[in-house]
2 protein chains.
Amino acid sequence: MVVKVYGPDYANPKRVIVCLIEKEIEFETIHVDSFKEEHKQPEYLKLQPFGLMPVIQDGDYTLYESRAILRYYSEKYKNQGTDLLGKTIEERGLVEQWLEVEAHNYYPPIYNLVMHVLVHPYKGEPFDPKVIQESEEKLGKVLDIYEERLSKTKYLAGDFFSLADLSHLPFTHYLMNHMKKGYMVRERKHVSAWWDDISNRPSWKKVLQLYKDPNF
Amino acid sequence: MVVKVYGPDYANPKRVIVCLIEKEIEFETIHVDSFKEEHKQPEYLKLQPFGLMPVIQDGDYTLYESRAILRYYSEKYKNQGTDLLGKTIEERGLVEQWLEVEAHNYYPPIYNLVMHVLVHPYKGEPFDPKVIQESEEKLGKVLDIYEERLSKTKYLAGDFFSLADLSHLPFTHYLMNHMKKGYMVRERKHVSAWWDDISNRPSWKKVLQLYKDPNF
């Protein structure tokens with residue numbers, strides 16, 4: 001059964017797609033134009049009632065929330081493609097910990113940066129320089145903790161690549177390539193090496209090749 | 001090995017404690033006074049570098065982020081106490097989905113309500129009526145989607161109690177018992193029945209009996 005992924009041009013769905021490529025799972029994508037509010041239309045809301053992307057359909061199984069989809073496929077195809085969950089239950093615990101750190105500490109400020117530096121100006125909407133400054137400060141403090149962690153282990157959850165690292169790819173890509181804020185990564189030696197490592201994985205390069213970034 | 005849980009008087013650690021009770025895992029608690037900023041001191045930051053609660057210690061294994069700890073113990077003791085992950089990998093996927101919904105859709109507005117209705121006034125800090133109004137509107141929309149879901153299944157992930165439900169207990173308890181906003185639950189028939197069900201579990205009653213709420 002080919003997995004259908006909705007919204008491949010956007011960052012949160014790309015988190016799912018890079019996982020499917022790592023896991024060698026066949027998929028197809030269905031374009032959803034958020035600038036035309038296609039994700040707020042009744043047909044879409046039947047699949048994802050909150051009107052958010054991504055959602056996947058796998059036969060008659062529908063699942064949303066990108067990090068839930070990551071866990072589902074990483075578990076279901078544990079022995080196919082790259083193992084993204086760690087070898088032991090304790091390693092898996094640390095994968096979960098750093099995946100939650102990504103969701104609750106890293107994502108909120110980098111999301112605000114994407115919105116106020118890129119999306120709002122692109123759409124001609126008001127943006128707030130105070131939010132930009134505060135978000136950059138918050139993200140900097142998070143990256144200081146990452147720097148300390150990555151001075152001890154090669155990846156966030158340990159010396160193995162996992163969902164915890166993979167989950168950072170789409171938004172950090174915007175930081176490095178669209179926002180001119182790559183110095184936030186480059187001025188931290190271990191974070192910088194980690195970013196070079198994970199962003200050069202063939203899976204992520206393939207995502208960037210297949211699906212264009214929004215035009216901002 | 002007895003699990004040590006830091007910060008039992010606060011809501012996010014209570015999410016872990018109710019899970020440990022459901023899983024019949026022995027634990028002890030270590031008091032952390034957030035109003036005295038004990039979670040920002042160097043000794044605590046060695047365990048949890050972001051200065052957040054909870055963190056657990058289990059022998060020489062340390063883990064933080066409440067929802068990561070839930071997953072770790074639910075998996076490690078899959079066949080002990082209440083099964084909180086579902087029986088199949090597809091059920092687990094839905095548990096993950098609704099656990100993420102709790103984290104990303106439910107938690108942000110209810111957290112803002114707790115801060116601006118309870119915590120800031122208690123500490124004599126400024127609070128923002130606009131944040132209160134907007135958060136209540138957002139939470140109401142989320143609860144409308146819960147109402148629809150819970151008209152079809154008894155619990156969020158299906159007809160079985162899981163981490164997805166359990167994760168809602170501590171903050172919804174504040175909504176119902178400290179904020180005088182219980183009408184948000186009571187005016188939605190299925191959400192109301194669900195809340196009565198999950199909040200009357202012996203595990204949650206034991207948490208409330210063992211650990212007092214903050215004084216707000």
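Given the structure is predicted, the values throughout are model-derived calculations rather than measurements. Here is how names work: the chains are called A, B, and so on, in the same order as the sequence lines, proteins then strands, and each is numbered from 1.
Contacts of A/Leu52 with chain B are made by side-chain atoms alone, with heavy-atom separations under 4.5 Å and no backbone atom involved. Neither the backbone nor the side chain of A/Ser66 comes within less than 4.5 Å of any heavy atom of chain B. Interface residue A/Val101: backbone and side-chain heavy atoms are both found under 4.5 Å from chain B. Heavy atoms closer than 4.5 Å to chain A are found in the side chain of B/Ile145, but not in its backbone. Using a 4.5 Å cut-off between heavy atoms, B/Tyr61 touches chain A through its side chain atoms alone.
Using cut-offs of 30° and 60° on the angle between ring planes, the pair B/Trp98 and A/Tyr64 is perpendicular.
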- Task: Determine, stepwise, if the pair A/Arg67 / B/Glu96 fulfils salt bridge (Lys or Arg N to Asp or Glu O under 4.0 Å).
- Result: CA-CA 8 Å; A/Arg67 297 174 193 84; B/Glu96 294 293 350; over 6 Å; no

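Around atom NZ of B/Lys4, no more than 12 heavy atoms belonging to other residues, nucleotides or ligands sit under 6.0 Å away. Within a 6.0 Å radius of NZ in B/Lys78, other residues, nucleotides and ligands contribute more than 12 heavy atoms. Within 6.0 Å of the OH atom in A/Tyr211, the count of heavy atoms belonging to other residues, nucleotides or ligands exceeds 12. Heavy-atom neighbours of A/Lys181 NZ from other residues, nucleotides or ligands within 6.0 Å: above the threshold of 12.
Most heavy-atom pairs under 4.5 Å with chain B: of the set A/Asn105, A/Asp144, A/Thr62, A/Val95, this distinction falls to A/Asn105. Your options are B/Arg92, B/His104, B/Glu75, and the one with the most heavy-atom pairs under 4.5 Å with chain A is B/His104.
Taken from CD1 in B/Ile69 to CD in A/Glu100, the straight-line distance is 10.0 Å, to the nearest 0.5 Å.
The main-chain N or O of B/Glu65 is never found under 3.5 Å from a side-chain atom of A/Gln97 such that the two would form a donor-acceptor pair.
In terms of heavy atoms, A/Ala68 sits closest to B/Gly93 at CB-O, 4.4 Å.
For residues 14-50 of chain A, a heavy-atom distance under 4.5 Å to chain B picks out A/Pro49, A/Phe50, given by residue number.
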